[in-house]
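Note that the coordinates shown come from a computational prediction; the quantities given were computed from them, not determined experimentally.
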Amino acid sequence: MKRIFKYMILALVPVLFYGCRQIPENPNAPHAYINFTIYPNTIRYQELNVVSGWMYLTSEVESSSRGIIVYRMSQDEFLAFDRLPPNYPNACTDSHGNTTRLVVDFPFVIDHCNNAYYNILNGEIIIDEEHDMVPNFVGDEYIFPLIQYHTTYDGSRLTIYN
């Protein structure tokens, strides 16, 4: 019995050290004040009336955010991600001087400039060489997930904030 307990402890030690690894805060995250409420069950937000629905939103308050992608994960749960590319957000500009925004091609959120694909269900980057889903920055030390905001939903009101 002591031997089994000893092996279990030895197996858990690397897991604990791996879990304590410090991941730096994304330096590209906008210093934006995000705090607004919408009513997703209304006609104005029709795309969010159903599970798996998504919509682009902008905050009423002027901010450095490039907009927000809101996704209805379940009847009672929403996700909100910034449209700012989390890795190399200023790599491309259009003819008007605007930098790129993330776009949704369900179930992906895509940064066309950097060839980066993210999972809309959790914000994690997807790297799949077979399907040419390899971002331009794949060799970097840290590859950040989508910038996510907090959401609270009471059955009627959805508040998005940071």
* May I have the step-by-step check of side-chain contact (heavy atoms from CB on, under 4.5 Å) for Tyr117 and Asp128, ending in yes or no? => CA-CA 9 Å; Tyr117 290 77; Asp128 182 355; over 6 Å; no

* To do: Apply side-chain contact (heavy atoms from CB on, under 4.5 Å) to Leu79 and Ile120, showing your working.
  => CA-CA 9 Å; Leu79 300 174; Ile120 199 168; over 6 Å; no

* To do: Under the side-chain contact (heavy atoms from CB on, under 4.5 Å) rule, what do Tyr161 and Thr152 come out as? Steps first, then yes or no, please.
  => CA-CA 9 Å; Tyr161 61 97; Thr152 57; 3.5 Å; yes

* Would you sort out whether Ile160 and His150 count as a side-chain contact (heavy atoms from CB on, under 4.5 Å), showing the intermediate values? => CA-CA 6 Å; Ile160 301 168; His150 301 283; over 6 Å; no

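Residues Thr151 and Ala80 share a closest heavy-atom pair of CG2-CB, 3.8 Å. The shortest non-hydrogen separation linking Pro135 to Ile127 is CD-CG1, 4.0 Å. Shown here for Ser52 and Phe106, the closest heavy-atom pair between the two residues is O-CE1, 4.1 Å. Here the closest non-hydrogen pair linking Met55 and Tyr45 is SD-CD2, 3.7 Å. Closest of all the heavy-atom pairs between Ala91 and Asn114 is CB-OD1, 3.6 Å.
Atom CG of Asp82 sits about 3.5 Å away from atom OH of Tyr149, to the nearest 0.5 Å. The OG1 atom of Thr159 sits 9.5 Å away from the CZ atom of Phe36 when rounded to the nearest 0.5 Å. Considering CH2 of Trp54 and CD of Glu47, their distance stands at 8.0 Å, rounded to 0.5 Å. Between atom CD1 of residue Ile147 and atom CG of residue Leu102 there is a gap of 8.5 Å, rounded to the nearest 0.5 Å. The distance from atom CD1 of Ile126 to atom NE2 of His131, rounded to the nearest 0.5 Å, is 11.5 Å. With values rounded to the nearest 0.5 angstrom, Arg157 atom CZ is found 12.5 Å from Asn41 atom CG.
Cation-pi geometry between Arg83 and Tyr56 is met: under 6.0 angstrom from the ring centre, within 45 degrees of the axis.
A donor-acceptor contact shorter than 3.5 Å is absent between the side chain of Asp111 and the backbone of Ala116. Using a distance-only test at 3.5 Å, with no hydrogens or angles considered, a donor-acceptor pair links the side chain of Asn26 to the main chain of Pro86.
Taking the six-membered ring where the residue is Trp, Tyr88 and Phe137 present tilted rings, their angle falling between 30° and 60°.
Side-chain atoms of Tyr118 and Asn87 form a donor-acceptor pair, as typed in the model, at a separation below 3.5 Å. Judged by distance alone, the side chains of Asn162 and Tyr33 never bring a donor and an acceptor atom under 3.5 Å apart.
Around the CD atom of Glu124, the shell of radius 6.0 Å holds more than 12 heavy atoms that belong to other residues, nucleotides or ligands.
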